[in-house]
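These notes are about the structure you will find just below.
Note that the structure is a prediction, hence the values are computed from the model and not measured. By convention in this document, chain letters (A, B, ...) are assigned in the order of the sequence lines, proteins followed by strands, and residues within each chain are numbered from 1.
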2 protein chains.
Amino acid sequence: MLRSHGLRVTPQRLAVAALILPKPMHVTARMVYQTLRETHPAISMNTIYLTLGQFESSGLLQRFEINGTTVFDSNTAAHDHACCSRCKAIIDLSPQQQESPQQPHALARWHIDREQRIWSGLCPNCAKQ
Amino acid sequence: MLRSHGLRVTPQRLAVAALILPKPMHVTARMVYQTLRETHPAISMNTIYLTLGQFESSGLLQRFEINGTTVFDSNTAAHDHACCSRCKAIIDLSPQQQESPQQPHALARWHIDREQRIWSGLCPNCAKQ
DNA sequence: CTTTGTTAGGAATATTTACTATTTAGGAAA
DNA sequence: TTTCCTAAATAGTAAATATTCCTAACAAAG
């Protein structure tokens, strides 16, 4: 899969891919770094950032910003997110039925390639307290 | 207005308010800092961050993140944003007609207090090139 | 005048990018 | 297959940027 996207196959890339690509999940660069440190003690943040950036460019990951950091999402299908303002949990939301048919008029002459939506509030757990 | 929101009236706060509240606009903490430095040479980033944060808590500003930084928006009405991925221009989008009536089912037990949408792509100018 | 909130400034923290010498993947040649 | 070559990738360090923390001095408002 890496080769089909024009990326050389290295142990570091395989480790990153094995960690986050198999199932939909949300990770930050730091989370990837700290996890891979256990199996790859010498891996560097630089490599993590480069790898995640390349994966995004290749369409293997989606990226968005929330709570001051960049989050990478291995669910590359079009979908929205909800984030708890207290516990910071992030969940995927399947696209609505009549999703994004109407692009606003003001964007007629834009070349839009992405629409992202984030719902913020308290998750059920945090709302109880 | 500051007093009605429980904030003491200081020259710094007046300067920030006079700069960004009169008309809808998007600013970063750094932009405010650099502009106010001309008239208030001793003002500090700390004060800018505190003031913008208080204005947001008071409902005088809205906040969102894009391109790695926090942007404060003096248009506090519900609306979406579009951002050019090349020149980084940000524009406001008036809410759609049949806007946000349907909150996703998965959020039934959440207490949602905000929904934000960001469209990304090339603005007309940048698309030409 | 007094109290309490605010400010400036510097330090601390965190995220992300830049730079560079070393190493390595992968294809070409033997 | 094995060897060699080159461009790309990596680790490590430093730097740029954004944001928060801390504290002493200060000022708003009663």
Side-chain angles (χ1 to χ4, degrees), chain A residues 1-19 26-58 60-73 83 85 88 90, chain B residues 1-19 26-58 60-73 83 85 88 90:
Chain A
M1 181 175 58
L2 293 178
R3 287 204 186 87
S4 75
H5 285 87
L7 298 173
R8 286 192 181 175
V9 176
T10 68
Q12 292 88 344
R13 279 182 190 157
L14 285 174
V16 174
L19 177 63
H26 308 114
V27 294
T28 62
R30 176 147 305 276
M31 287 162 61
V32 174
Y33 177 72
Q34 287 171 342
T35 304
L36 292 191
R37 268 275 155 166
E38 298 170 12
T39 49
H40 297 69
I43 205 168
S44 70
M45 276 299 268
N46 202 351
T47 299
I48 305 292
Y49 275 108
L50 282 171
T51 303
L52 291 174
Q54 286 160 335
F55 283 12
E56 188 211 0
S57 302
S58 304
L60 298 170
L61 292 176
Q62 245 181 343
R63 170 206 299 251
F64 60 94
E65 292 166 32
I66 201 165
N67 298 323
T69 57
T70 301
V71 176
F72 293 87
D73 186 348
C83 179
S85 48
K88 311 303 181 194
I90 300 173
Chain B
M1 180 176 56
L2 294 177
R3 287 205 186 86
S4 77
H5 285 88
L7 298 174
R8 286 191 181 177
V9 176
T10 69
Q12 293 88 343
R13 280 179 189 161
L14 286 174
V16 174
L19 177 63
H26 307 114
V27 294
T28 62
R30 177 146 305 273
M31 287 162 60
V32 174
Y33 177 73
Q34 286 170 343
T35 303
L36 292 191
R37 268 274 153 165
E38 298 170 12
T39 50
H40 297 70
I43 205 168
S44 70
M45 276 300 268
N46 199 355
T47 300
I48 306 292
Y49 275 108
L50 283 169
T51 303
L52 291 175
Q54 286 160 334
F55 282 13
E56 188 211 0
S57 302
S58 305
L60 298 171
L61 292 176
Q62 245 182 340
R63 171 205 299 250
F64 60 94
E65 292 165 33
I66 200 164
N67 299 320
T69 59
T70 301
V71 176
F72 294 88
D73 186 348
C83 178
S85 47
K88 311 302 180 195
I90 299 173

Self-check item: Partner residues of A:R30 under the salt bridge (charged side-chain N to carboxylate O under 4.0 Å, His left out) criterion, sequence neighbours left out
Solution: none

Quiz item: Residues in salt bridge (charged side-chain N to carboxylate O under 4.0 Å, His left out) with B:R8, at least two apart?
Solution: none

Pairs: protein N or O with nucleotides 22-27 of chain D N or O, under 3.5 Å:
from: D:dC22; atom 1: N4; to: B:N46; atom 2: ND2; distance (Å): 2.7

Quiz item: Taking for each residue the nucleotide of DNA chain C bearing the nearest heavy atom, is the 5' side occupied by A:R63 or by B:H40?
Solution: B:H40

Quiz item: Nearest nucleotide by nearest heavy atom, which residue falls closer to the 5' end of DNA chain C, B:P41 or B:G6?
Solution: B:G6

Practice problem: Remember a base hit wins even if backbone is also touched, and classify A:T28 as base, sugar-phosphate or nothing at under 4.0 Å, heavy atoms. | Solution: nothing

Quiz prompt | For B:S58, side chain to side chain contact (heavy atoms under 4.5 Å, CB included) partners two or more places apart | solution = B:H5, B:L7, B:L60

Would you find a donor on one side and an acceptor on the other, under 3.5 Å apart, between the side chain of [X] and the backbone of [Y]?
X     : Y     : answer
B:S57 : B:G53 : yes
A:E65 : B:N67 : yes
B:T35 : B:M31 : yes

Quiz item: Quick one: is D:dA18 close enough that its OP1 or OP2 comes under 4.0 Å of any side-chain N or O from B:R30?
Solution: yes

Quiz item: Between which nucleotides of DNA chain C, read 5' to 3', does contact with chain A run, using atoms under 4.0 Å from its heavy atoms?
Solution: C:dT15 to C:dG26

Quiz item: For the helix from C:dC1-D:dG30 to C:dA30-D:dT1, what angle lies between the axis at the first five pairs and the axis at the last five pairs, to 10 degrees?
Solution: 30°

Quiz item: A:M45 has an atom CE; how far is it from atom P of D:dA15, in whole Å?
Solution: 19 Å

